[in-house]
Number of protein chains: 2
Amino acid sequence: MHDGPNSPPTLHDVAREAGVSVATASRALNGSTRNVRSENASRVRAAAAKLGYQPHLSAQAIARGSTRTVALVVRDVADPYFSAIAAGVGRAAEADRLIVTMAVAEGSPERELEIVRTLRGQRPRVIIVAGSRVDGAGTGDALAEELRHYRTAGGRVVLISQPDLPFPTVTIDNRGGAERLATALLGAGYRRFAVLTAPPEIRTSRERHEGFLAGLRGCGVPEPLVIETGFTREGGYEAARRLVTRGFEDVEAVFAVNDVMAIGAMTAFRDAGVVPGADIGVAGFDDIASAVDVVPALTSVAVPLREAGARAMRLALSQDETAGAESSAEMPTHVVLRDSTHVRPAP
Amino acid sequence: MHDGPNSPPTLHDVAREAGVSVATASRALNGSTRNVRSENASRVRAAAAKLGYQPHLSAQAIARGSTRTVALVVRDVADPYFSAIAAGVGRAAEADRLIVTMAVAEGSPERELEIVRTLRGQRPRVIIVAGSRVDGAGTGDALAEELRHYRTAGGRVVLISQPDLPFPTVTIDNRGGAERLATALLGAGYRRFAVLTAPPEIRTSRERHEGFLAGLRGCGVPEPLVIETGFTREGGYEAARRLVTRGFEDVEAVFAVNDVMAIGAMTAFRDAGVVPGADIGVAGFDDIASAVDVVPALTSVAVPLREAGARAMRLALSQDETAGAESSAEMPTHVVLRDSTHVRPAP
DNA sequence: TTGTAGGCGTTATCAG
DNA sequence: CTGATAACGCCTACAA
């Protein structure tokens with residue numbers, strides 16, 4: 001009570017309060033509890049409780065040489081795609097009493113690089129990068145370099161949906177899902193399509209686009225119209241508006257490379273007096289929660305996003321173990337047809 | 001090159017590589033750059049770059065006695081309400097080069113307590129608790145106790161939407177917003193209401209409920225029917241289904257205490273063949289992004305969630321400064337009437 | 001079972 | 001301007 005008012009209590013304080021040495025206090029609170037006399041152990045615990053002691057994680061980290069931290073990089077927390085992944089990572093981390101620190105790489109690659117750098121300073125057990133702009137091991141790819149440094153220093157890296165980098169990756173079957181979606185839409189009677197894509201640097205978008213084209217190929221349908229826009233709800237809205245302005249007599253259905261874009265597009269259509277599902281089919285990708293709450297309910301490709309996050313964690317953790325550890329996993333996707341592609345256009 | 005293959009390079013390695021002392025290396029990389037000869041400085045920087053050195057944040061934390069970490073506690077990342085707040089916190093933190101660590105307190109108060117405890121071990125500059133189950137300073141409130149410990153040790157606590165605890169708080173004008181919503185709905189011609197609430201332990205729900213009742217009071221309308229359910233989309237769905245089953249001849253409009261519940265309710269209505277906006281009015285609270293994408297667009301009360309998060313950060317940071325620092329802030333809310341309460345019921 | 005002492009990677013103090 | 005050296009809070013042989 002006679003020292004400074006603030007600055008949290010240390011192990012020394014607890015030891016003094018309990019009348020034992022720091023070593024004993026340390027052992028009683030963390031090390032193998034077996035080796036300390038139970039009376040002392042409870043004295044220490046009592047002292048800790050009384051003082052409101054909480055071990056300094058940084059001190060433990062440096063003393064032990066390792067942390068219980070998982071670093072997660074996402075592009076945007078507010079995007080349901082990423083928050084679902086984040087939720088999965090969080091849940092899996094919790095099971096192992098790991099702490100997840102989350103960084104948001106809004107847009108700029110520089111920012112992204114800076115983030116991974118900082119993260120590296122945290123000495124996390126694992127770094128998980130979800131949907132960033134890691135594009136290929138091309139020259140000047142400072143990000144990959146940074147991750148390589150981290151891995152060399154004993155860190156574990158897991159990427160989500162960035163299969164072309166030399167790190168364990170949780171992959172999503174974007175291509176296959178989009179291909180099956182194309183098939184399903186053909187089956188529903190649609191023949192003439194527009195595709196709403198994001199810029200090709202965003203690999204997820206590119207894969208879905210390519211998969212969709214692949215599904216169409218050889219079926220004698222015309223080459224789809226392609227409208228490039230942002231990977232966001234606003235992007236989708238804007239693209240649909242452009243489509244309406246241009247005139248869409250030659251388009252029966254629109255495939256947006258993700259659900260938020262598709263939902264934005266549906267709203268744009270409605271705002272322009274075009275009825276989605278009736279006047280034009282709309283399909284998305286991801287099957288986010290709100291896909292069933294829009295009208296008409298959105299046809300989409302379901303992606304187990306939470307599972308992907310959880311899987312990434314497990315993948316990272318399993319790398320400790322003997323060589324047998326698998327180094328990547330692909331999450332399956334499946335088409336969910338709903339009313340937004342229900343009404344088959346008249347021939 | 002002759003030591004173990006992994007374990008990241010330390011400042012010693014950099015110093016050796018650059019041919020200077022650790023002290024100099026430290027100064028060149030972090031301390032006031034002015035006091036080191038520019039030639040040495042660049043040698044050090046070069047060595048650091050070559051080795052891929054990254055300062056050990058934990059070591060810095062313990063040496064400096066402080067961290068650059070902000071801890072954020074939310075109930076669920078995947079809920080747009082919390083992810084919007086998180087986004088705001090993240091943005092504000094970024095401006096001060098602070099790192100956000102995010103913990104998810106899914107449900108159980110024990111888990112929540114454990115989280116704050118662990119967080120305390122991180123020695124963050126700030127702990128922000130958003131929408132947890134802190135209910136009142138009643139006896140046995142271990143969470144408040146934990147936060148008090150933290151604050152005593154010099155930490156800054158900011159709560160979002162928990163005004164009855166003795167910590168700086170960013171408050172949301174739930175009561176006022178709900179009251180004005182009630183007035184607006186009365187103005188639109190609705191007279192007989194049902195309220196979809198969450199259990200009263202969730203203070204946000206309680207406030208909105210009470211505000212709504214207050215807005216109705218003295219207007220000669222019947223006491224609303226109250227349906228208690230979960231604070232989630234599923235809760236809303238379920239409650240609406242119950243309402244339909246029960247029969248809703250005496251209800252013209254439904255007020256759900258948040259948007260995800262309202263959206264769930266709308267879907268339930270539709271599934272039961274009841275047309276929201278026409279057969280029954282629906283209003284929510286929060287004005288989340290998807291409120292404009294559902295059909296009919298959802299009447300709601302807009303809450304500046306991102307701003308609330310950012311504000312919480314600033315509030316925390318300003319507590320450093322001289323006594324004049326404000327200790328709380330209230331975020332305004334405003335009613336947004338849309339088509340879900342557009343069609344005025346026949347008298 | 002317990003205490004002493006050295007070390008983890010940085011920063012900060014204090015002589016050179 | 002630079003280099004030893006003592007902290008920082010904790011863990012862990014090693015010795016008692």
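Just so you know, these numbers come straight off a predicted model, no measurement behind them. Each chain gets a letter, A, B and so on, in the order the sequences are listed, and its residues count up from 1.
- Between the side chain of A:Arg120 and the backbone N or O of B:Gly52, at least one donor-acceptor pair lies under 3.5 Å.
- Between D:dG9, C:dT4, D:dA4, one nucleotide has an atom nearer to the side chain of A:Ser21 than all others, and that is C:dT4.
- Remark: P of C:dT10 and NE2 of A:His56 are 15 Å apart, rounded to the nearest angstrom.
- Residues B:Ile62 and A:Ile62 meet the side-chain proximity criterion, which asks for heavy atoms closer than 4.5 Å.
- Looking at B:Leu11 and B:Ser26, their side chains come closer than 4.5 Å, going by heavy atoms from C-beta outward.
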Checklist line | Annotated protein contacts, base or backbone, on nucleotides 11-16 of chain D with a non-hydrogen cut-off under 4.0 Å, one of B, S, - each | finding: SBB---

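- Atom CZ of B:Arg91 has 12 or fewer neighbouring heavy atoms from other residues, nucleotides or ligands inside a 6.0 Å radius.
- As rounded to whole Å, 17 Å separates atom P of D:dG9 from atom CD of B:Gln122.
- Distance NE2 (A:His12) to C1' (D:dC8): 11 Å, rounded to an integer number of Å.
- Atom P of nucleotide D:dG9 and atom CG of A:Leu29 are separated by 16 Å, given to the nearest angstrom.
- Under the 4.5 Å side-chain criterion, counting only non-hydrogen atoms from C-beta, A:Arg123 is in contact with B:Pro8.
- In terms of position along DNA chain D, the nucleotide closest to B:Thr24 lies nearer the 5' end than the nucleotide closest to the other residue of the pair B:Ile62 and B:Thr24.
- In this structure, the side chains of A:Arg68 and A:Gln60 stay at 4.5 Å or more apart for every pair of heavy atoms.
- Rounded to whole angstrom, the span from the CG atom of A:Leu51 across to the C1' atom of D:dG9 amounts to 15 Å.
- Listed here is the closest heavy atom pair of A:Asp76 and A:Val104: CA-CG1, 4.0 Å.
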Side-chain atoms of residues 17-25 of chain A: list all donor-acceptor pairs with protein atoms under 3.5 Å, sequence neighbours left out, distances to 0.1 Å.
residue : atom : partner : partner atom : Å
A:Glu17 : OE2  : A:Lys50 : NZ           : 2.8
A:Ser21 : OG   : A:Ala23 : N            : 3.4
A:Ser21 : OG   : A:Thr24 : N            : 3.3
A:Ser21 : OG   : A:Thr24 : OG1          : 3.3

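- Each of B:Ile85, B:Leu72, B:Val74 was compared with B:Ile160 under the side-chain contact (heavy atoms from CB on, under 4.5 Å) criterion, and only B:Ile85 meets it.
- Of the residues in residues 40-48 of chain B, B:Asn40 come within less than 4.0 Å of DNA chain D through at least one heavy atom, sorted by number.
- One can place CD of A:Glu39 at 13 Å from P of C:dT1, the figure rounded to the nearest angstrom.
- Straight-line distance from the CZ atom of A:Arg68 to the C1' atom of D:dC10: 16 Å, rounded to whole Å.
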